Amino acid sequence: MPLPIGDTVGILADNLRIRKSVLPVPDKSASAWARGLGLTRGGETILYTGRMYQLIPYIEALNKVQEKIEDSWIADFVKVGRVINRFINVAGLLAVPSRNMQESCGRILVNIARLLRRAGVEFGYLYEEDLYSGALVYDLGVDDVLEAHARRVMDVFKKYRVKKVITVDPHTTHMLRSVYPNLIKGYDLQVKSYLEVLVERDLKPRKELRLEAVVHDSCLYARQENVLQEQRTLLDKAGIDLREPVDSGKFTFCCGGPAESLFPRKAKENAKKRVDQIKKVSFRAVTMCPICLVNLQKAAGGEIQVEDISSYLVQAYCGG
Amino acid sequence: MALVNPDFVEEVKRSGRFDASACMNCGVCSAVCPMGIELLPRKLFRYVLLGVKDRVLENVETIYSCLLCRLCEVNCPAQVHIAENVRFLRCYMNKKVFKI
Ligand code: SF4
Ligand code: SF4
């Protein structure tokens, strides 16, 4: 039997309500990537990660369990799980993240911080108060829980008198730029993706990369947030010969990731279709969303190389 | 037999959040959907507008399988806000069926 929808959605929403995150990312490990970078706490302009990259290793670990449960008799126990979860963090017991993956997700955030510094941007970070944006709960349609959480996030921004927010992934960008303004009265934050900020600053590369790659656009950047040219401009200037898959730009093909929390098998099938499209054009794909990254990597099974855009940008613009 | 439920129609109307009345049933959305969802939005949205609540409830899996990727939406000639309507249906299910 498939995973029980109501109970799974319930667990994720309860987690956001009780524990401020859909899955348990301990504050210390969520901000560990920034250790040693000397970023100031808070400030008028901040780099807001929304914990998306940090969540990926936990989503990954939980999905392995879910894939096993899906279509097995154990799926029924998710019902019981929801009740227990109110008292004990069930996902916390099941989702044991891989250290390797935690390190590589942390490295992406370090890359982004380095790129912004190289562009001369002054920014702070909220460390353990850099909360999750609530993106998954928004998608799943648990609007009351989302609204209460959005107010929590805004209170932290207010506490540090934040005016400008630089985001690192499409889901968080979309939440802060297009969803929160409808939830929060008098919302006046200026929100930009780091890709937009880098282009604005007209950053010049230090090294030419001389390789070819396919851009895999994120649905939210491409269709919602109009971040379409920035990634191409930056990669092009970095010396990358850009290829486009059959569905690209505004008509990009979803990686399947958003279905993962409820239907892991369907998510994988969709990701495989996208990998096939990419394979026809190049063996190297560039993503700009942690969900696309992990989904395509999993579906590719090594057939193509999938990497986050920041890894290439840091090589070209920071010289490695 | 599917029954029309006037209360359901009222409830949906009152929310002010569901609007698929511009849909012309052309099928573009189904043709491009990466998940191969045939039902969304052509039939399912129509069930909602007609108030055939049972049919809507029978299709919970479809409602939650949508990626909200909006590939259908950018291709829709009638500019139906497909993703927002799907989110509305999820909110409805969460509250009324799953009691979340
Ligand atoms: S593409 Fe638009 S108009 Fe055509 S069936 Fe789908 S929702 Fe209706
Ligand atoms: S938004 Fe949903 S229905 Fe539309 S193409 Fe994407 S998965 Fe299919």
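Protein chains get the first letters and strands the later ones, always in sequence-line order, with residue 1 at the start of each. As the structure is a computational prediction, the values presented were derived from the model and not from experiment. FYI, side chains are in, hydrogens and waters are out, and symmetry mates aren't considered; it's all heavy atoms of this structure.
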B:R17: salt bridge (Lys or Arg N to Asp or Glu O under 4.0 Å) partners, not counting sequence neighbours: A:D143
Closest heavy-atom contact between [X] and [Y]?
X	Y	answer
B:L67	A:G256	CD2-O, 3.5 Å
B:M35	A:A259	CE-CB, 4.0 Å
B:P34	A:F253	CB-CZ, 3.3 Å

Short question: side chain of B:R90, backbone of A:V142 - any donor-acceptor pair under 3.5 Å?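 Not at all, since once roles are kept as given, no pair shorter than 3.5 Å links the two residues.
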If I take atom CG from residue A:L220 and atom CZ from residue B:R70, how far apart are they, to the nearest 0.5 angstrom?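 Output value for this atom pair is 7.5 Å.
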How many angstroms lie between NZ in A:K266 and CD in B:E61, if you round to the nearest 0.5 Å? 3.5 Å
For a 4.5 angstrom cut-off between non-hydrogen side-chain atoms, does A:D144 reach B:K95?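 Side-chain contact under 4.5 Å: yes.
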B:N75 and A:F251, any side-chain heavy atoms less than 4.5 Å apart: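 Contact flag for A:F251/B:N75 side chains = yes.
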Looking at A:K20, I'd like to know if its NZ atom is crowded, meaning that more than 12 non-hydrogen atoms belonging to other residues, nucleotides or ligands lie closer than 6.0 Å. no
Answer yes or no: are there more than 12 heavy-atom neighbours, outside A:K250 itself, under 6.0 Å from its atom NZ?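 No, not enclosed.
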Would you mind checking which part of A:S218 comes under 4.5 Å of any heavy atom in chain B, side chain (CB onward), backbone (N, CA, C, O), both or neither?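 Contact with chain B is absent: no heavy atom of A:S218 under 4.5 Å.
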Segment of A:Q224 engaging chain B (4.5 angstrom heavy-atom cut-off):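 Only the side chain of A:Q224 comes within 4.5 Å of chain B.
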Can you spot which of A:V9, A:T8, A:D139 makes a side chain to side chain contact (heavy atoms under 4.5 Å, CB included) with B:Y64? A:V9
Contact winner vs chain B - A:C254, A:C255, A:G257, heavy-atom pairs under 4.5 Å: A:C254
Out of B:C91, B:C69, B:C66, which one racks up the most heavy-atom pairs below 4.5 Å with chain A?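 Top option by heavy-atom pairs under 4.5 Å: B:C69.
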If you count heavy-atom pairs under 4.5 Å between each of B:L71, B:V97, B:V60, B:L68 and chain A, which one has the most?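 Heavy-atom pair counts peak at B:L71.
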